[in-house]
Amino acid sequence: MKPAPFQYHAPRTIEEAVATLARVAPDDGRVLAGGQSLVPTMAFRLARPRHLVDINGVAALSRLVVENGKLCIGATVRHAAFERPVAKGPLGELLREVVRHIAHKPIRARGTFCGSIAHADPASEWCLVAAALGAEMVARSARGERVIPAKDFFSGIMTTALQEGELLTEVRLPLLSADTRFGFCEFNRRAGDFAIAMALVTFRLKNSAIIEPRVAISGAEATPRRIAQAETALDSHAPDAKTFAAAADAAAKAIDPLDDENTSADYRRGLVRTVVLRALERAAT
Amino acid sequence: MNETRAVKWIGQSVERLEDPPLVTGRGRFAGDINFPNQLHMRIVRSNHAHGRILSIDTDAARKLPGVVAVWTSADIPEVPPIDFREGPIEKLAPYRQPVLATGMVRYVGDPVAAVFAEDAYVAEDAADLVTMEIQELPPLLSAKDAPAEFSPGRHTEADILRQGYGDIDAAFQKAHTIVELQLSVGRHSGVPLETRGAIGRYDAARDMLQLHGAAKVPHRNQELIARMLKRKLTSVNVFESHVGGGFGIRGELYPEDILVCVAAMRLGRPVKWIEDRREHLIAANHSRNQHHKVRAAVAADGEILAIDDLIFHDQGAYVRTHATRVAMMTCGVLPGPYRVPLAYRAVCHFRLTNKTPAATYRAPGRFETSFVRERLVDAIAHKLKLDPIEVRKRNAVTVAEMPFKRPLEALGEEIHFDSGDYHKLLDRMLKEVEWEKLNADLARRRANGEMVGVGFAMFVEKAGLGPKDGVNILVDSTGAIEVVTGGASLGQGFETVMAQVAAEMLGVDYQRVSVIHGQTDRISHGIGAHASRATVMTASATRVAALNLREKALAAAAELLQAPVSALDIVNGEVVRTDRAGGPSISLGQVAAAHGKLEAEGWHHAEHQVYPYGNHLAVVKVDPGTGGVTVERYVIAYDIGRAINPTLVKGQIAGGCAQGLGGALLEEFTYNDNGDPLSVTFADYLLPTVREVPDIEIILTEDAPSPLNPLGIKGAGESGINGVGAAIASAIDNAIGIPGAVTQLPVTPQRLKAIIDAKR
Ligand SMILES: Cc1cc2nc3c(=O)[nH]c(=O)nc-3n(C[C@H](O)[C@H](O)[C@H](O)COP(=O)(O)OP(=O)(O)OC[C@H]3O[C@@H](n4cnc5c(N)ncnc54)[C@H](O)[C@@H]3O)c2cc1C
């Protein structure tokens with residue numbers, strides 16, 4: 001439980017951070033954000049980075065602002081920041097609802113939103129939010145800056161489109177219109193654990209029918225994603241039990257669940273039906 | 001003015017004496033113990049479940065700066081395997097665990113090499129550099145599978161344990177009905193917050209070996225270390241510091257304890273080892289893992305005439321300090337509170353597998369057998385369409401039958417239930433929970449579509465194993481009282497309880513009493529703290545010692561005060577005259593000063609264990625969409641005989657219950673087909689948290705004090721966990737409306753959802 005030796009770097013600016021990363025990333029250098037995923041894996045020596053670039057001292061990375069209809073979340077913004085609504089309207093409420101399912105209080109005080117996105121655990125709530133709402137990831141490196149849409153970002157279990165030497169400086173979430181409804185549901189065995197399956201849905205109602213449905217799931221598959229089949233089952237339908245059941249069934253059918261020694265694919269598929277249904281019911285009330 | 005009435009301390013929920021350092025961050029746990037110039041030890045463990053060691057390469061590790069030594073078994077040929085606590089057992093000797101793996105590795109976590117270095121980081125870096133070549137062999141992972149070769153000429157079934165009475169075949173022929181079940185209890189264990197720790201220290205000038213960080217059974221470990229290392233008993237001392245939980249697993253003698261001792265002597269420097277959590281989950285004792293094929297011969301009215309149980313006990317890779325104790329206990333205690341008049345047979349196949357070795361964990365053999373027995377009773381009730389409560393009442397031993405002898409044994413003694421009114425306690429609980437109303441409420445909720453249910457378990461505990469314990473009490477010239485015991489404190493409030501007993505007998509404030517435990521250099525004998533013994537045995541001895549001291553003090557004071565002993569009493573530390581108000585008095589400190597020293601010894605001898613008893617009741621809600629279970633309510637009724645400190649008793653019960661809920665619903669050491677452990681962090685070995693545990697309601701009664709000790713004490717430590725698996729299983733059956741659905745613990749959501757879905 002003692003990490004292997006590493007060199008520690010503490011840049012003060014984004015430019016310095018990116019320059020340091022450019023230098024040490026090829027020599028197994030890694031960004032240290034909240035450390036709530038990285039440090040435990042180092043303690044187990046499953047990760048043995050040779051360099052750590054600690055971004056916690058970079059003041060410019062702590063911004064949390066609404067700009068051009070988007071909520072911009074800087075790389076050192078902690079999970080706990082979302083325990084109060086950070087944006088007007090449904091987005092702030094949605095983030096507040098979701099955040100209380102992430103880990104435990106001490107971890108939320110330290111872990112970062114962007115760290116979760118970069119880490120890309122298949123059961124990360126923030127990754128689900130990013131996939132559901134179509135987040136944009138802003139990546140900076142010595143080569144410059146690029147913006148990666150969520151659908152291109154998550155490429156597998158704990159793998160993303162971020163390249164060597166790239167720092168995720170912020171994530172941008174589009175604000176939600178005032179009449180957007182949302183519902184979130186996850187199942188885990190104990191409060192605070194990573195979920196075995198979770199679903200986030202949003203939709204609006206027009207003439208008592210569902211429009212702009214989004215149904216995203218995570219935990220059950222390698223990466224979080226929207227499930228088109230479930231969205232189709234909702235689109236233009238009345239928000240009633242029959243519609244919701246059809247969408248939940250469609251989601252359960254459409255997924256390719258993870259299968260591991262403790263949790264079977266079958267069980268995950270069943271859970272997806274349950275969490276999608278409950279997320280929809282919550283959105284409707 | 002003298003206070004003339006003696007204060008009663010026994011039975012009072014006084015505050016714990018041990019708390020001030022603990023709640024102000026000044027506790028001293030194994031990790032806090034440091035000696036100048038100490039080395040740090042790191043264990044290199046096998047990553048293979050089963051294999052032959054072809055070679056171990058320690059060269060690179062030795063070369064790392066800061067490394068002092070790297071040992072494999074070849075470096076310590078004189079050190080024998082970890083021996084059995086109760087002495088040599090020839091038949092089991094070949095299955096003992098070598099201190100470092102010799103020739104074979106038998107589970108993932110098996111210690112293969114030990115690194116000694118200047119600091120813990122270097123030690124771990126060096127451990128990483130030790131490489132080994134292992135010829136892999138197929139792992140054996142279930143006790144239900146046929147035994148395989150352990151070593152040439154010896155197979156993995158180390159023993160078969162048997163207990164029983166009566167003619168089984170005849171009884172089953174007579175039966176109106178036969179009920180048969182197959183049940184399993186998963187692998188789980190006590191997981192104290194403080195992991196293990198051991199600090200070895202050798203004083204060459206006095207030829208004195210010390211082991212710090214001991215727990216549970218310091219004197220037994222002193223004896224065992226001396227035996228293994230061929231040292232005089234008086235040249236080994238063992239010291240207990242604060243202990244962050246024991247639960248039966250902490251404090252046994254493990255390979256790491258011996259290694260720090262040997263290294264301290266050979267390297268001439270203190271050696272410290274602190275276990276990390278991953279190590280703890282794969283290297284400290286596991287427990288519970290059993291399969292039962294059980295059948296009962298039953299009369300038409302639900303009377304259980306006979307029980308026949310075939311048990312497969314998964315011992316893991318080696319036989320540790322406890323030998324076959326858990327398996328033997330399982331065989332002996334299965335019938336619990338029920339009479340089972342005609343015949344009983346338990347046959348337990350004690351089998352080694354390529355998993356972490358197993359031993360005792362809080363209520364060993366009882367958590368398992370209560371699950372099996374109470375499942376059986378529920379099944380009988382269902383099959384005969386009888387009320388399960390009625391079936392229990394019909395079978396439970398009555399107060400008129402006490403003391404009740406049963407030709408079975410627990411911990412080497414024939415089982416004699418000393419006292420108890422099982423029916424009275426059952427009625428009390430049913431009344432208190434408003435049984436009829438509770439069931440009506442649940443039925444109404446079920447009719448509204450909720451999956452809710454109630455479950456029940458009845459059990460008898462055992463406590464206070466003899467044969468004897470002795471305590472010394474001293475008073476110094478300041479009037480401070482010291483009670484010197486060979487007990488141990490694992491956090492249960494040992495000091496407070498002993499102080500209460502001493503204080504009441506002596507006539508002093510309990511806060512004036514300090515209690516010594518876990519220091520083998522202070523007293524030459526001691527039983528430690530296990531098997532719910534401490535309060536029964538050590539408090540009874542404390543009582544005798546305090547009474548003896550009182551007699552001495554009064555005799556001495558009588559001389560000093562020129563008064564007859566019969567006219568004296570001790571009140572709040574002052575010897576006073578009871579025949580005259582405002583007469584002369586003298587403090588115990590003054591008596592001690594005048595007398596040179598005031599000291600007494602006291603012993604308690606126990607011929608038999610005591611048998612407290614209780615009931616558990618659980619209300620659960622099942623979520624059919626996920627298979628998740630919420631425990632809505634948990635009630636425990638328990639007759640303790642005599643509660644020295646009711647708050648501490650309730651703390652024991654509530655804490656035990658929380659652990660039981662872990663074993664019933666969450667905790668499980670699982671392995672993949674290669675024998676790799678899958679539960680190596682707290683993210684995969686799921687302990688219950690405050691969110692998963694409801695407030696435990698406790699009905700504590702003192703209806704049946706034990707006739708076997710003057711205070712009537714019975715034990716408290718294991719009652720909270722005993723019936724949890726049983727009650728939760730029963731409640732889940734009831735909630736989902738499928739009798740007998742639960743056959744395996746823990747009831748994971750995945751398993752439960754499969755059961756519910758299969759029925760739909
Ligand atoms: C007990 C426990 C329970 C948990 N439960 C949950 C849970 O229920 N849900 C959940 O989502 N998470 C959970 N977590 C994880 C937690 O949310 C982490 O905080 C999060 O996954 C990572 O954020 P961090 O800031 O701590 O990142 P770090 O641990 O510092 O880094 C994680 C990884 O991301 C990289 N990284 C971090 N920031 C950047 C960046 N800006 N640019 C590029 N790379 C970067 C690091 O190099 C590293 O590889 C849990 C953690 C623990 C210890």
Side-chain angles (χ1 to χ4, degrees), chain A residues 1-6 36-37 40-46 48 100-101 103-105 107 121 123 185-199 219-220 244-245 248 252 257-281, chain B residues 40 42 64 117 119-129 195 274-280 623-630 661-662 665-668 670-674 676-693 746 748-754 756-757:
Chain A
M1 291 284 176
K2 306 272 184 270
F6 58 86
Q36 298 303 299
S37 294
T41 32
M42 286 171 64
F44 279 107
R45 297 193 174 213
L46 295 170
R48 296 160 183 251
R100 56 189 191 88
H101 298 273
H104 312 274
K105 211 147 186 95
I107 295 164
D121 189 291
C185 179
E186 73 172 41
F187 178 70
N188 47 19
R189 293 187 58 194
R190 294 179 308 179
D193 282 346
F194 277 107
I196 308 175
M198 60 181 126
F244 290 169
L258 294 168
D259 192 15
D260 58 53
E261 276 132 342
N262 283 330
T263 312
S264 71
D266 253 13
Y267 179 61
R268 281 207 168 85
R269 196 184 293 283
L271 278 185
V272 163
R273 180 179 297 109
T274 300
V275 292
V276 169
L277 186 64
R278 288 180 189 173
L280 286 166
E281 286 166 356
Chain B
H40 294 262
R42 177 76 184 172
L64 196 72
D119 76 48
Y121 287 83
V122 173
E124 201 163 328
D125 292 346
D128 262 2
L129 298 174
T195 55
I274 298 294
E275 181 180 54
D276 69 35
R277 185 59 67 185
R278 179 175 184 276
E279 290 184 289
H280 184 83
D623 178 348
T626 63
V629 175
T630 307
L661 291 173
L665 294 169
L666 293 162
E667 296 175 39
E668 189 171 28
T670 56
Y671 292 79
N672 69 12
D673 295 343
N674 297 328
D676 299 323
L678 302 176
S679 317
V680 297
T681 73
F682 279 166
D684 20 58
Y685 187 80
L686 306 183
L687 294 169
T689 74
V690 69
R691 300 278 292 274
E692 285 75 44
V693 180
T748 64
Q750 178 167 313
R751 286 178 194 143
L752 186 53
K753 189 161 189 298
I756 297 168
D757 289 349

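Below, chains carry the letters A, B, ... as their sequence lines are ordered, and counting in each starts from 1. Note that this is a predicted model, so its numbers are computed, not measured.
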> Hey, which of B:D676, B:D673, B:N672, B:D684 is the one that makes side chain to side chain contact (heavy atoms under 4.5 Å, CB included) with A:E261?
Replying inline: B:N672
Ignoring hydrogens and geometry, is there a side-chain-to-backbone donor-acceptor pair from [X] to [Y] under 3.5 Å?
X	Y	value
B:Q750	A:Y267	no
B:E692	A:A191	yes
B:R691	A:R190	no

Answer with side chain, backbone, both or neither: which region of [X] has an atom nearer than 4.5 Å to a non-hydrogen atom of chain A?
X	result
B:D128	side chain
B:L665	backbone
B:T670	side chain
B:Y671	neither
B:R42	side chain

At a heavy-atom separation under 4.5 Å, does [X] approach chain B through its side chain, its backbone, both, or neither?
X	value
A:P40	neither
A:A43	backbone
A:N262	both

> What closest approach, in Å, do B:K753 and A:G270 show between heavy atoms, and which atom pair accounts for it?
Replying inline: NZ-CA, 4.0 Å
>> Could you report the tightest heavy-atom contact between B:T681 and A:F44, atom names first, then the distance?
In response: CG2-CZ, 3.2 Å
>> What I want to find out is whether B:D125 reaches A:R45 closely enough, with some N-O distance under 4.0 Å, to be called a salt bridge.
In response: yes
>> Less than 4.0 angstrom from a charged side-chain N to a carboxylate O is my criterion; do A:R278 and B:D623 meet it?
In response: yes
> Based on non-hydrogen pairs under 4.5 Å, which of B:D757, B:T689, B:T748, B:V680 is most in contact with chain A?
Replying inline: B:T748
> Roughly how far, to the nearest 0.5 Å, is the CE atom of A:M1 from the CD1 atom of B:I274?
Replying inline: 13.5 Å
